[in-house]
Amino acid sequence: MKIILNNRVLFKSLRSFNDIGFVPTMGSIHEGHLSLIDRSNRTCKKTIVSIFVNPKQFNSRKDYRNYPINIKKDIKILKKTKKVDFLYIPKFKNIYDNDKKSNIKISKKDKILCAKYRKGHFEGVLDVMERLNNLINPKKIFMGKKDYQQYFLIKKYLKNKYKTTVIPCKTIRDENKIALSSRNNHLDLNAIKKASFLSKSLIKLKKNLANNKKIKQNLRTKMKYLEKFLKIKIEYLELRSIKNLKISNTISGSRLFIAYYIDNVRLIDNF
Ligand code: AMP
């Protein structure tokens with residue numbers, strides 16, 4: 001695994017390859033990231049992973065400053081997989097230097113779910129993904145369905161401008177059914193119990209909703225119950241079509257999307 005710390009080395013290292021699989025991350029590597037790497041390794045000739053905590057996609061400075069970082073541990077884990085050919089760890093200036101300001105806008109109809117609650121977040125995500133795509137020029141980008149809206153928007157954005165294909169990969173969960181996330185590092189035991197209860201409860205709810213006509217009403221009731229019982233704040237709990245992310249009234253072809261806060265940690269998931 002070659003560690004790349006600047007763009008000169010990046011271009012030189014990738015020059016002769018045209019079948020590159022790319023796994024963008026913000027580090028604190030976990031099994032979710034490793035599953036994307038495994039998929040890239042099986043699909044593409046070369047796999048490049050990036051670790052870059054992109055300040056421009058954080059709508060809160062505090063959230064950015066608190067984002068868990070552990071580069072040494074990440075390098076060790078990634079090396080051990082023997083599935084990563086290149087690890088790119090750029091600095092801010094490698095991504096944003098001598099480049100024009102972004103004028104990426106999220107359309108009104110896409111200002112739903114996290115785009116509604118995290119102002120400027122996806123504008124920052126699309127901007128950094130376009131820059132990374134231009135620097136690396138991968139054939140395929142592997143992304144987790146855990147962040148489904150992120151996958152959806154990046155795929156739509158890149159499809160119109162580049163040849164790169166964005167591949168969705170399944171969500172990896174722990175034994176408590178909690179979706180793995182770097183932010184889970186901030187959870188204490190009690191918070192983990194709550195997140196586990198919530199995940200199991202939504203998996204069950206989705207099954208029970210299958211033949212139900214009053215889906216919207218059921219979701220509202222469930223949301224209120226979970227908030228009160230677990231003493232958490234739920235930002236949204238919505239059933240949406242996976243094809244276009246429109247609100248859906250049928251379970252088939254749809255997923256339950258949730259964003260919630262446990263002890264000030266914001267988590268998202270979909271079932
Ligand atoms: P992050 O480091 O959180 O920005 O995530 C980097 C990539 O890993 C994104 O494409 C995420 O959707 C994906 N990812 C994060 N958590 C998981 C998970 N539990 N299962 C599968 N993919 C994940």
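In this text, all values refer to a predicted model and were calculated from it rather than measured experimentally.
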_Same apolar cluster: Leu132 and Leu5, side chain cutoff 4.5 Å_ = no

*Any chance you could measure Tyr88, atom OH, to Ile4, atom CD1, to the nearest 0.5 Å?*
8.5 Å

_Whether Ser248 side chain and Ser241 backbone form a donor-acceptor pair below 3.5 Å_ = no

*For Asn270 and Leu256, indicate whether the former's side chain and the latter's backbone hold a donor-acceptor pair under 3.5 Å.*
no

*Just by distance, do the side chain of Ser50 and the backbone of Phe52 share a donor-acceptor pair under 3.5 Å?*
no

*Please say whether the positively charged group of Lys145, taken as NZ for Lys or CZ for Arg, lies over the ring of Tyr151, i.e. under 6.0 angstrom from the six-membered ring centre and within 45 degrees of the axis.*
no

*Ignoring hydrogens and angles, tell me if any N or O in the side chain of Asp188 forms a donor-acceptor pair with the backbone of Ala191 under 3.5 Å.*
yes

_Pair Asp63 + Arg266: basic N to acidic O under 4.0 Å_ = no

*Going by atom types alone, do Asp110 and Ser107 pair a side-chain donor with an acceptor below 3.5 Å?*
yes

*Checking Asn59 side chain against Gly120 main chain: does a donor-acceptor pair fall under 3.5 Å?*
no

_Would the distance check show the side chain of His186 and the main-chain N or O of Asn66 forming a donor-acceptor pair, the cut-off being under 3.5 Å?_
yes

_For residues Tyr225 and Ile215: do they belong to one hydrophobic cluster (side chain heavy atoms under 4.5 Å, members Ile, Leu, Val, Met, Phe, Trp, Tyr)?_
yes

*Any idea which heavy atoms bring Leu36 and Cys169 closest together, and the distance?*
CD2-CB, 3.2 Å

*Do Lys2 and Ser13 pass the side chain to side chain contact (heavy atoms under 4.5 Å, CB included) test, and can you show the C-alpha distance, the side-chain angles, and the key distance before you say yes or no?*
CA-CA 9 Å; Lys2 179 168 182 177; Ser13 306; 3.3 Å; yes

*Side-chain donor-acceptor contact under 3.5 Å, Gln57 with Tyr64*: no

*asked:* So that I know where these two stand, are Phe197 and Phe229 an aromatic pair - ring centroids less than 6.0 Å apart?
replied: yes

*Could you walk me through whether Leu78 and Ile51 pass the side chain to side chain contact (heavy atoms under 4.5 Å, CB included) check?*
CA-CA 11 Å; Leu78 293 173; Ile51 297 180; 4.3 Å; yes

*CG (Asn264) with more than 12 external heavy atoms under 6.0 Å*: no

_Student check: side-chain heavy atoms of Val23 and Ile48 closer than 4.5 Å_ = no

*So, Lys139 and Thr43: side-chain donor and acceptor under 3.5 Å apart, yes or no?*
no

*With distance as the sole criterion, is a donor-acceptor pair present between the side chains of Ser182 and Ser28 under 3.5 Å?*
no

*asked:* I need the minimum non-hydrogen distance between Ile75 and Leu87, along with the two atoms involved.
replied: CG1-CD2, 3.8 Å

_Side-chain donor or acceptor of Asp147 paired with backbone N/O of Gln150 under 3.5 Å_ = no

*Is the closest side-chain donor-acceptor distance between Thr164 and Asn133 under 3.5 Å?*
yes

_Counting only heavy atoms from other residues, nucleotides and ligands, does the tally under 6.0 Å from NZ of Lys200 exceed 12?_
yes

*Look at atom NZ of Lys193 and say whether more than 12 heavy atoms of other residues, nucleotides or ligands are closer to it than 6.0 Å.*
no

*Taking every non-hydrogen atom, the tightest pair across Ile37 and Val84*: CG2-CG2, 3.7 Å

*If you take all heavy atoms of Lys119 and Lys116, which pair is closest and at what distance?*
NZ-O, 3.7 Å

*Enter the distance from Phe257:CZ to Leu219:CG here, rounded to the nearest 0.5 Å.*
12.5 Å

*Starting at CD1 of Ile178, measure out to CD1 of Ile192 and round the result to the nearest 0.5 Å.*
6.0 Å

*Aromatic centroids of Phe58 and Tyr67 separated by under 6.0 Å*: yes

*Check whether any side-chain heavy atom of Phe142 sits under 4.5 Å from a side-chain heavy atom of Val49, and report yes or no.*
no

*Interatomic spacing from NZ in Lys93 to NZ in Lys91 - rounded to 0.5 Å*: 6.5 Å

*Is there a path from Leu180 to Leu34 through hydrophobic residues (I, L, V, M, F, W, Y) whose side chains come within less than 4.5 Å of each other?*
no

*asked:* Main chain of Arg118, side chain of His121: is a donor-acceptor contact present, judged purely on distance under 3.5 Å?
replied: no

_Rounded distance [0.5 Å steps], CZ in Phe271 versus OH in Tyr148_ = 15.5 Å

*State, with a plain yes or no, whether a side-chain heavy atom of Lys146 is found less than 4.5 Å away from one of Ile268.*
yes

*asked:* Exactly one of Ile232, Leu226, Val265 should register a side chain to side chain contact (heavy atoms under 4.5 Å, CB included) with Tyr260. Which one does?
replied: Ile232

*Should we say atom CD of Glu31 is surrounded by more than 12 heavy atoms from elsewhere, each under 6.0 Å from it?*
no

*Report yes if the side chains of Met129 and Pro24 come closer than 4.5 Å at any heavy-atom pair, otherwise no.*
yes

_Check Asp97 with Arg131, please: is the shortest side-chain N to carboxylate O separation under 4.0 Å?_
no

*Decide side chain to side chain contact (heavy atoms under 4.5 Å, CB included) for Leu135 and Asn137; before the verdict, give the C-alpha distance in whole Å, the side-chain angles of both, and the deciding distance to 0.1 Å.*
CA-CA 6 Å; Leu135 288 166; Asn137 196 18; over 6 Å; no

*Should Asp263 and Leu187 count as side-chain neighbours, where that means a heavy-atom distance under 4.5 Å?*
no

*Between Lys161 and Glu130, is there a salt bridge with N-O shorter than 4.0 Å?*
yes

_So that I can tick it off, tell me whether Lys177 and Asp269 are bridged by a salt bridge, with the cut-off set at under 4.0 angstrom between side-chain N and carboxylate O._
no

_Tyr117 side chain to Glu235 backbone, donor-acceptor under 3.5 Å_ = yes

*For Cys114, does its backbone N or O pair with a side-chain atom of Gln149 as donor and acceptor, under 3.5 Å?*
yes

_Lys/Arg-Asp/Glu bridge criterion (N-O < 4.0 Å) met for Lys83, Asp38_ = yes

*So which heavy atom on Arg39 is nearest to which on Pro168, and how close?*
NH1-O, 3.4 Å

*Salt-bridge present (Lys105, Glu123; N to O < 4.0 Å)*: no

*Look up atom CZ in Arg255 and atom OG1 in Thr171, then write down how far apart they are to the nearest 0.5 Å.*
6.0 Å

_Phe92 and Pro55, any side-chain heavy atoms less than 4.5 Å apart_ = yes

*asked:* Ile141 vs Ile167, test: side chain to side chain contact (heavy atoms under 4.5 Å, CB included). Steps then yes/no.
replied: CA-CA 6 Å; Ile141 301 178; Ile167 314 273; over 6 Å; no

*Nearest heavy-atom neighbours spanning Gly27 and His33*: O-CE1, 3.4 Å

*For residues Leu158 and Val166, determine if any side-chain heavy atom of one lies less than 4.5 Å from a side-chain heavy atom of the other.*
yes

*Taking side chain as C-beta onward, heavy atoms only, is Ile104 less than 4.5 Å from Tyr157?*
yes

_ILVMFWY cluster, Leu198 and Leu113 together (side-chain gap under 4.5 Å)_ = no

*Tell me whether Leu239 is reachable from Ile203 by hopping between hydrophobic residues (I, L, V, M, F, W, Y) whose side-chain heavy atoms are closer than 4.5 Å.*
yes

